[in-house]
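Note sheet for the following structure.
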Amino acid sequence: MNGRPAPMNRSIEAEPRESSRIAGGGTNRVLSLVGTHWLPLLLAVVVAFFIGQNRDRISIHLFWIQLQAPLWCVLAITGLVGALIATLVAAQRAWRRRTARSAPRS
């Protein structure tokens with residue numbers, strides 16, 4: 001050696017980690033995806049079981065119209081209509097707040 005002492009506080013991250021080398025690998029990427037998106041994946045599994053267990057056909061009466069459809073389909077459509085109504089109500093409230101802020105004060 002050249003007579004100088006080696007530096008004592010060497011960076012631990014001087015060499016790339018093994019996990020960073022294989023981060024682009026297939027298995028680790030899937031596990032990372034599952035780790036970050038576990039809630040949507042869990043909900044998708046629950047929905048799949050829900051659909052599988054509610055395949056019975058039911059009759060729907062709306063005014064003078066009568067339809068038959070699977071229960072899961074009716075509930076899904078009802079949920080989507082409810083979500084649409086909630087979105088429209090929220091958009092209307094946001095629009096009212098924006099117009100109230102930008103209106104000139106007397």
Exercise for the section: Run through the side-chain heavy atoms of Ile, Leu, Val, Met, Phe, Trp and Tyr, join any pair under 4.5 Å, and report what else lands in V45's cluster. Expected result: F49

Problem - Other ILVMFWY residues reachable from L88 by side-chain steps of under 4.5 Å - result: L84

Exercise for the section: Give the intermediate values and the outcome of side-chain contact (heavy atoms from CB on, under 4.5 Å) for residues F50 and L75. Expected result: CA-CA 10 Å; F50 176 79; L75 292 174; 3.3 Å; yes

How would you list, by chain and number, every residue that makes a side-chain contact (heavy atoms from CB on, under 4.5 Å) with [X], sequence neighbours excluded?
{"X": "V81", "value": "I77, I85"}
{"X": "W95", "value": "R98, T99"}
{"X": "A76", "value": "none"}

Problem - All pairs passing side-chain hydrogen bond (donor to acceptor under 3.5 Å, both in side chains) where residues 46-57 contributes a residue, at least two apart - result: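 Every pair satisfying side-chain hydrogen bond (donor to acceptor under 3.5 Å, both in side chains) with a residue in residues 46-57: there are none.
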
Problem - All pairs passing side-chain hydrogen bond (donor to acceptor under 3.5 Å, both in side chains) where residues 73-92 contributes a residue, at least two apart - result: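 For residues 73-92: none.
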
Fill in the blank from the handout: Residue set satisfying side-chain hydrogen bond (donor to acceptor under 3.5 Å, both in side chains) with Q68, at least two apart, ordered chain then number -> S59

Exercise for the section: Enter the distance from C73:SG to I58:CD1 here, rounded to the nearest 0.5 Å. Expected result: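 C73 atom SG to I58 atom CD1 measures 9.5 Å (nearest 0.5 Å).
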
